[in-house]
Each structure stands twice: as structure tokens, then as C-alpha cells.
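To keep things clear, I will list the structure first and then write my remarks on it.
Values below: all heavy atoms of this structure, side chains included; hydrogens, waters and symmetry mates excluded. For ligands, and for the atoms within them, numbers begin at 1 and follow the listed sequence.
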Amino acid sequence: MSNLEQMLVELDAIHGVSGDEERVAAYLKEQLTAHVDETYADSLGNHFFVKKGSDPELKLMLCAHMDEIGFIVNYIDERGFVSFLPVGDHDSRMVINQVLSIQTEQGVVHGITGGKPAHIVTEAEARQSIPLEDLFLDVGSRSREETLALGVRAGDYITFSRTGQFLNGSKVYSGKSVDNRSGCAVLAEVMKRLADREIVPTVYAVAAVQEEVGLRGAGVAAFSIQPDVALAIDVGLAGGTPHIEEKTLPMVFGGGPGILLFDWVPGTSAGNNVPKRLTRRLAQVAENSGIPYQQGAILNGVTDAYSISIAGKGTLTGCVCIPSRYIHSATGYVHLDDMEYTVQLIIAFIEAFQEKL
Ligand SMILES: [Zn+2]
């Protein structure tokens, strides 16, 4: 197993909902401390890994968010059932009949999001998805006291409980939190490969918190670094599956990293129109190095690039994405080749970055 592959598997297995990223951060610290010049954290929980370059004035920020979407316990009823709220954007169709893990102070407690048996579902009900607020978690107890005795409390974070796997010997990895642990693995791999290279810019690799609830960590991190250029590393929506038109999601799974040109959530200010001088440079670097890449513009989605770009006095910011299927569900897909090429593209970009763009 390659280093990148192993980090993907290990990172994906860690439970770290927005606001509860400590375990992910601890893993990255363990992986990277020996390979960088400096490591520190801020009060929100963002972690910084710094590799010094020959020009102390030139700063490049890389950013991958550590958090995954999940839930939080808000109530335990008298029969022991656990109610929960969403942490991040969920599609409620994906949450019914799943095994979930509650991270309690006493350890992990498993539960199932049950529903009515098919035998008693009406025709009208059968056609509807069940709203999140109607779901509950059955932890196998019969009373509030029994559930409390397991250690479950309001405020405990909940994740999908699924062991990741490479499908049938392929390079396709299916896991609960490829958004964005695949990005974290890429970030860590870039820093490891840079360790014994001479580079011009100082590189700040930021493992950021709370992206899924509003891109909160990345902007704060950018404000403190004030980089000359920043790149967010995240998953991007790839199509190629039945019932999705090619023009809806043109990014090809397994087609190489996506260089994001534009994203925007209409009706809000959220989005990042990436300046052409940056997207041009990224494409140029990919072509010079023979790295396959794609370019994409999307609506109704944003990345940390948005909050980085407008933090402080503003930063020239782009996003490099790892094509992914089925994201924001219990099992997203990423392709190992896309991750490897993303690592290569970012390293080639860093090596070409010798003065301000
Ligand atoms: Zn993400």
C-alpha cells in the first residue's frame, strides 16, 4: 500500500464532525511533524504545518478541511430513542436505515436510523423521503436511563459508521468521509514530498475546521497567514453515473484533478470567481508536467476558497478538486489516480511559484 493510500484509509476511518476535528488533527500532526519546519494551532482548532522556502516574503497557503458532515444528539426520549440535528448539509434520503456512531465521553455507541416496516407504510408515504427531523436513532435500549447509562448525552457528535474499502481490487475507494479526508491525505502527502526539496515560497499547509457548517476555519487561517496565493483542496462533484446528464456534472471520475474556475450559490454572496491569472497558471503547470486535469464551473456549491479569498485584505485563491461521486452520503467515492495527480499538480505549482502572480 502506498503512503497516500494508507493515509486515505486511516483518515477516512477517523470520526470528526465539524467542531470535533481533534482526532483528525492529532493524526495529521503525527504524520507531519517530522517533515515540516513548524507546527502550530489556533484557537478554533485549525492546524498549521509550515515548510520554509528561500524567499521569506513569498507565502503560499494550502487548505484542506478536516471535518465531515454528521449529526449531534439533541434529545433522548423516555423510551431511549435518540433525536439528532444535522451538522452540515444532508440529503435525508441518504440517512434512513443507516448504522451511525455516537462519540460519547465513554466511547463509541452504535445506533440504527430505523423506520416503519414496509408492511405498514402507506402508498403516499412510500413515495416520500423521510425528513431528518422524523428520524431517530435506536441504540438498543428500552429507556432514557439505559441510553444515558451507555454514555449518550446531548451534544455528542454522530457520524456514519462505515468501514471504507477499495472496491474489488480497483483504485476506487468508497468511504464515509472522503469529503474531505481525501483532501487531507493529499495535503499531507504534498508536505511529505516537499520535505527534502528546495522551494522558493514558504508553504503553509492548513488543516481547517468547520467547513461543512460555513467555511469557518479557512477564512480565519487565511487572515492570520495573509498568503500571496492560496489553494483549497477539496472533493468536486463528478458525474458519469446513470440518470445524470453529462452537462449537469461534466467532471470525469478518474479524469485527473479539477481546477475550479467558478463557483457560486445564487442568492448569496458565497462563491469564488477564480482570477484567470491563477487558473491559467495551474493549467500551464499541469500541461508542462504532463498531468491530466479538468476544469469546472459549478453552481450551488462553494469551498473554503471563498472564505480564504475574502479574508483580511483578500487573497488570490483557487481550488483544486478531487473528483468524487456520492458525496454528502454514507459512502463517497474517490479514485486513487485522481489523488496522486492532485498531489503532483500541487507540487508542480509550488515549484513554479517563485514570485507573486
Ligand atoms: Zn468538502
Side-chain angles (χ1 to χ4, degrees), residues 7-8 11-21 24-25 28 44-47 61-71 86-91 94 157 159-160 162 164 173-188 190 205-222 230-239 249 251 253 257-260 262-265 268 270-272 274 296 298-309 317-335 338-339 342 346:
M7 286 196 291
L8 170 65
L11 280 161
D12 179 61
I14 300 171
H15 297 272
V17 179
S18 316
D20 191 32
E21 297 92 347
V24 186
L28 290 171
L44 277 193
N46 290 312
H47 278 64
M61 170 178 170
L62 304 175
C63 183
H65 71 85
M66 295 185 282
D67 55 316
E68 67 191 290
I69 59 168
F71 310 91
V87 181
D89 258 335
H90 286 274
D91 175 344
M94 310 292 194
Y157 286 101
T159 60
F160 290 110
R162 190 172 292 230
Y173 182 80
S174 146
K176 70 171 179 60
S177 50
V178 299
D179 177 8
N180 184 30
R181 302 297 159 61
S182 61
C184 292
V186 163
L187 181 82
V190 165
V206 179
V209 297
Q210 298 186 44
E211 189 267 0
E212 299 288 2
V213 287
L215 321 174
R216 293 173 186 163
V220 173
L231 292 177
I233 308 165
D234 208 334
V235 290
L237 294 162
L249 293 180
M251 196 187 291
F253 186 68
I259 297 168
L260 217 54
F262 170 92
D263 59 16
W264 181 41
V265 180
T268 74
N272 186 27
V274 188
I298 62 161
L299 269 193
N300 297 314
V302 276
T303 73
D304 276 336
Y306 162 54
S307 61
I308 295 168
S309 69
T317 309
C319 178
V320 179
C321 37
I322 303 159
S324 176
R325 286 177 179 165
Y326 320 123
I327 60 176
H328 286 216
S329 77
T331 177
Y333 268 23
V334 286
H335 197 294
D338 287 333
M339 290 177 62
T342 306
I346 292 167

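- Nearest heavy-atom pair, I308 versus C63, reported as atom, atom and distance to 0.1 Å: CD1-CB, 3.8 Å.
- Residues E211 and R216 are not paired through a salt bridge, judged by the lack of any N-O separation under 4.0 Å between the basic side chain and the carboxylate.
- Within the 2.8 Å limit, E212 places no N, O or S atom next to the Zn ion (ligand 1).
- Between H90 and F71, the distance from one ring center to the other falls under 6.0 angstrom.
- Within D179, the N, O or S atom at minimum distance from the Zn ion (ligand 1) carries the name OD1.
- To the nearest 10 degrees, the angle centred on the Zn ion (ligand 1) between OD1 in D234 and NE2 in H65 reads 100°.
- With respect to H65, the side chain to side chain donor-acceptor pair (under 3.5 Å) criterion is satisfied by exactly one of T303, N46, D304, D234: D234.
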